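These notes are about the structure you will find just below.
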Amino acid sequence: MKPFKELPKGYPFPDLEQEIIKFWKERGIFKKTLSKESPQGEWVFYEGPPTANNKPHVGHVLTRVVKDLFPRFKTMRGFRVERQAGWDTHGLPVEIEIEKKLGISTKKEIEEFGIEKFNRLCLESVHIYEREWRVMSERVGFWIDMENAYFTYHSRYIESIWWALKELFKRGLLFKDYKIQPYCARCGTTLSSHEVAQNYKETEDPSLWLLFPLLAGQKIETTTGETFPVENNVYLLAWTTTPWTLLAHVGLAVSPEFTYKAVKMDDDKIVIFADKLLNEVPALEYKEGKAVKIDLRDKTPLFFTKGEKLVGLRYKRPFNTVHAPVNESYFNPPPSDDSGWCVFPAEYVSLENGSGIVHTAPPFGDDDFRSGKQFGLPFILTIDEEGRVKNLSGIERFSGLWFKDADKPIVKELRERKLVLFFGSYLHSYPFCWRCEQPLIYLASENWFIKTSSKKEDLIEKNKQINWIPQHIKEGRFGRWLENIVDWAISRKRYWGTPIPVWSCQKCGTVEVIGSFKELFEKSGQPIPSDPYDNNQFDPHRPMVDRFKWRCSCGGTFERIPEVLDAWFDSGAMPFAHLHYPFENRDKFTKRFPADFISEAVDQTRGWFYTLHALAVTLFNSPAYKNCVVLGHVNDEKGRKMSKRLGNVVDPMEVIKETGADALRWYFYLNNPTLPSRFSARLVKDAAQSYLIPLWNSISFFTIYANIDGWEPGGKETIPLEERNTLDKWIVYKLKTLRDRVTDHLESFNLSSAAKEINDFLDDLTNWYIRRSRERFWASVEEGGKEKESAYQTLYYVLSTLAKIIAPFTPFIAEYIYQHLQVDKVEKVESVHLADWPTVRVEMEQSLVEGMDLIKKVCKYARAARQQAKIKIRQPIEKITVITSDSSLDKFITEYSHLIKEEVNVLKVEIAHNKEKFVNIKVKPNFRSLGPKLGKKLRVLQNFLTSIKGEDLIDALEKEGELKVDIEGEEIKFSEKDLEIAIEPKSKTVSLEGDSRVIVLIDTRITPELLEMGVAREIIHFIQQERKRKNLEYTQRIKIKWYTPDGTKIADVIKKFSDWIKKETLAIDIVHSKSAKELKFGTPLGEINISIEQI
RNA sequence: GGGGCUAUAGCUCAGAGGUUAGAGCGCACGCCUGAUAAGCGUGAGGUCGGUAGUUCGAAUCUACCUAGCCCCA
């Protein structure tokens, strides 16, 4: 009777995994984990919604398997861990995908195509890749509820977002302002930074050095304390590569820290620019009627002045473009053509390019815009959305020109007005539109913002409550980000997104924010549909939502602003929006907010991690999550980013097909996933080898012998651990240690340490416990007795407990082992994933663990010594001698000498007490204990200790208990605790191996008796090989025939050891016969022919 | 330009103040095998990125520098 199924041949992990997936599905195990008892309550997990507009790549697998592990672990720990899938469905990437499909690229084309049709295509595309994501998720064992997934485009989801926006508006946190964004005038669209980064090019732009005449009558204080009176010939010098922005010029920036200097030109113009500029300041002077290019930096300075002394000086701007009156300004009177334009301080002024005086046009640059706000400068938008110069009073002559084409006439006119110092060209790297190759402009456009800057303190404060893994994100990447927080621009002038529920009166500008569908219908006087969440009755997306209008008290009409919402807002709103809070699920939200655990890759620091945090703090004054595991990016084998362009993308499904999902999971856990990693199929295979293979082999070993002996779990009474073999106790202690350490590591989200512990345990299990316990399993039931039963009980317990410990990591093999060992029947729990996290209740005997470690070390050195002496393990040796640095270790050697004898193939193990014969004793200070006490004197003591004989010192210590040494006039006492005793071999010979605690000496003499034993063992070895070659059953009995052509020596060996040979090879007979020809081999005692026959 | 991470054996990575720096893979040599050649052991292989400092003592702490990666501008 075979209690256990035979294991499939080889290592068929991918196939097994498919079976397990089927098993889980059929039994509905995942659902059962949610409905089983959860004494610890809820453990809240949020799934960060992936954008399903691409095939999942390896990095996604990483996040999925990390997100899977902790919920599985917590479920076993007695929590209920709901896992609802979610999909991020809105946003520009989806739109671009559709644009490509339609072969269009501009907003105009989308509008011609029809927003309604366009958005329907976007909606449909959302589901194209969902299937691949489902397949991948299921295949890697990511348990998540896909049936009830939330989608950010769902009406309910959108309504919750509307509620949130209205809340923010009520609290004064939603407002409209300008923002400078890269803009393509041809396509009529702003570009995301990602798009901008794609298309930087070397390009030649105008380089204009322009003079700004100071108003006469002002005074400049020089660095020598004198006062320089300004007359009509003094100019500030500024540099620009975009002459067209001069039409919007409103100020000049200087650095208050820099020193500026004034030089006099040949034509008596006095020009002021920064001292110590790094690049030349070109100018033309006329020598004998010929223009000569000079560098103004070389001119003798007229005077020097500090930048701060220039601040507030008034000058004439180049073009008198009309502008709105300035009410509040830093300057009094505010800058104007009458009172003059002002010099202001700015920290972004540099010495690298230009003159150290920066021309400022607020609509066309981020620095410009901020300075404009700070100093109350006029904001003159001189370019329309199509990139043409507007028809404004003062610059009518340029109106209608494409902005780039305005450069020439502008420069021409300034030249005529003698304001150009120099005009040339400048080669630099500049962004272009990736669609139409036109140069981008940085342009101010209206945006809606969340005033996150006003919540900075709260955001920082709540961040302190988050446990970040790795820790440095908290103060580093995320903390720094919060400290430099700017207002969050949430509006996008696009189509496929959550419409921003802001309606404004076209006449008086009054703004209303709508917080629910009901409110919208009421406001607009429309009847509420029977089901407002049915998209056939009401779709909150564009263009339907744009049709809602109503009258303002001023007589104007409220119309929705055209913008949709930043998709990051969608995902950040997930904690409440996926529950349709506050319209539904108020209780559930309270229970499920904040999350206990989220995890995504590091790029989400400024993405989802931030938007979750920002919305949670601004709306609920709470962090959104308590623990956040931040994962590194998965790169290729060489550490390069995987990209289609480089052709180095590894398809995760291919790897899974080859090595299985458990192998892939194990690879990710083992290599600290919070660091960027290098990935390849080969590395996954390596990781699997240290884990899956030994695990499988252990199961295989157990299965073979349990089946031979008909051993069943629970068949006999449990033998108390105290009565079991030392090895049994040892492995159970190791198991307890493993269980406790893995628990601790997982509780603190430390994946790789936990995985390493498991790998180490497997090494202990296979290469020591099983290896040294084999004889007990081989023994027949009668002679094995209690020892054998004890071995079975122990190994079964260890393997079934291990199955539970590895369940969160590699759920497939864990389930397989659990089912294979029939733990489900024994414990009456259907699946390992429904089992409780194991506890190993034993009293640890620490000394046993230490002793066993020592024995393993002795064996290691003995093997090394044998190898040095070139004596095979098969050849028995007479004795080994173990020398220890600490006689308290001796008892372990005596107690476990049988293990050493078996492992090392030695007849006797001796302990040497006459150490001096073989080793020198060295005494070193215990730096840890003496260091703080002695300080610099430690060196002196160290020298002293090396100068004297170790043996004498130890003798003295044993007698006195404490020693006193006079060091530099001070008496120093120290006891044994303060010393480390090390031993080293007197002479390094081939038969000596060891370290500072234990040294092993082997007896290399091979007596004729030993040699005979060795030959007998060799014969056994060859017969075993032959059994294996013939694929004999492990229990198959055989008959051995042998024949030797030369002499009687081998005949003697066989005669002498025939019982042993028979026993070891399961032979019932061993006979001399000339017909033995199958196998021929040489031994140290001559050649022998052997053949075996099944009986 | 700002911020963050990383730098340890040929490769992938541990080690987080204690004096002989580790593991796995690869390589060389060898061994065992009635679970296992997708196994086991031994060996070679390191100025712990560089410089300076703190300390009795630094791979480990500090500063600066260099290189790679990531985020932001």
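It should be emphasised that the depicted structure is a prediction, and the values quoted were computed from it without experimental measurement. Both backbone and side-chain heavy atoms feed into the values below; hydrogens, waters and symmetry mates do not. Residue numbers start from 1 in every chain, and the chains themselves are labelled A, B, ... in the order their sequence lines are given, proteins ahead of strands.
Taking the ring centroids of A/F609 and A/W468, they lie under the 6.0 Å cut-off.
If you check every strand for non-hydrogen atoms under 4.0 Å, A/E1064 touches a base. Among the heavy atoms of the strands lying under 4.0 Å from A/R874 are primed sugar atoms or P, OP1, OP2 only; no base atom is included. Using a 4.0 Å heavy-atom distance criterion, A/K860 is classed as a sugar-phosphate-only contact. Residue A/H472 is classed as a sugar-phosphate contact, given heavy-atom separations below 4.0 Å to backbone atoms only. Across all strands, A/S752 comes closer than 4.0 Å to no nucleic acid atom at all (heavy-atom distances). Base engagement by A/I693 is indicated by at least one non-hydrogen atom pair under 4.0 Å involving a base atom.
The partner of B/G24 is B/C11, judged by Watson-Crick or G-U wobble contacts that both fall below 3.5 Å. The base-pairing partner of B/G1, taking Watson-Crick or G-U wobble contacts with both distances under 3.5 Å, is B/C72. In this structure, B/G45 forms no base pair with any nucleotide, since neither Watson-Crick nor G-U wobble geometry is met with both distances under 3.5 Å. Under the Watson-Crick and G-U wobble criteria, each requiring two contacts below 3.5 Å, nucleotide B/C40 is paired to B/G30. The partner of B/U51 is B/A63, judged by Watson-Crick or G-U wobble contacts that both fall below 3.5 Å. Nucleotide B/A16: unpaired (no Watson-Crick or G-U wobble partner with both distances less than 3.5 Å).
A tilted orientation is assigned to the rings of A/F702 and A/Y796, their planes being inclined by 30° to 60°. Ring orientation note: the planes of A/F13 and A/W696 are nearly perpendicular, at an angle over 60° on the 30°/60° scale.
Here the P atom of nucleotide B/A38 and the CG atom of A/N759 are 19 Å apart, to the nearest Å. A straight line from NZ of A/K856 to P of B/C40 spans 13 Å, rounded to a whole angstrom. Atom pair A/N905:CG and B/C31:C1' shows a separation of 12 Å (rounding to whole Å applied). Rounding to whole angstrom units, CD1 of residue A/I871 and P of B/C31 are separated by 13 Å. Atom P of nucleotide B/G39 and atom CZ of A/F701 are separated by 18 Å, given to the nearest angstrom.
Electrostatic pairing of A/K856 and A/D764 counts as a salt bridge here, judged by a charged N lying under 4.0 Å from a carboxylate O. Remark: A/E903 engages A/R771 in a salt bridge, criterion side-chain N to carboxylate O under 4.0 Å.
As rounded to the nearest Å, B/G57 and B/C69 have P atoms that lie 38 Å from one another. For the P atoms, the distance from B/A52 to B/C70 is 32 Å, rounded to whole Å. The separation of B/U6 from B/U60, taken at their P atoms, amounts to 14 Å, rounded to a whole angstrom.
Counting heavy atoms from C-beta on, the side chains of A/V58 and A/F668 come closer than 4.5 Å. Taking 4.5 Å as the limit, some side-chain heavy atom of A/I1040 sits within range of a side-chain heavy atom of A/I1090.
Listed pair A/Q1024 / B/G34 meets the phosphate criterion, a side-chain N or O lying under 4.0 Å from OP1 or OP2. Between A/H1021 and the phosphate of B/U33, there is a side-chain N or O to OP1/OP2 separation shorter than 4.0 Å.
Put simply, the residue from A/K5, A/H820, A/K2, A/E6 that forms a side-chain hydrogen bond (donor to acceptor under 3.5 Å, both in side chains) with A/T703 is A/H820.
You'll find a donor-acceptor pair under 3.5 Å spanning the side chain of A/R477 and the base of B/C70, going by distance alone.
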Derivation of the ring-ring contact (aromatic ring centres under 6.0 Å, His included) call for A/F679 and A/Y667 = CA-CA 9 Å; A/F679 182 87; A/Y667 164 80; 5.5 Å; yes
At under 4.0 Å between heavy atoms, which parts of nucleotides 10-18 of chain B does protein reach? Answer with one letter per nucleotide, 5' to 3': B base, S sugar-phosphate only, - none.
-> -SSSS---B
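Proximity note for A/R480 (side chain, C-beta onward) versus B/G3, B/U36, B/A73: the nearest is B/G3.
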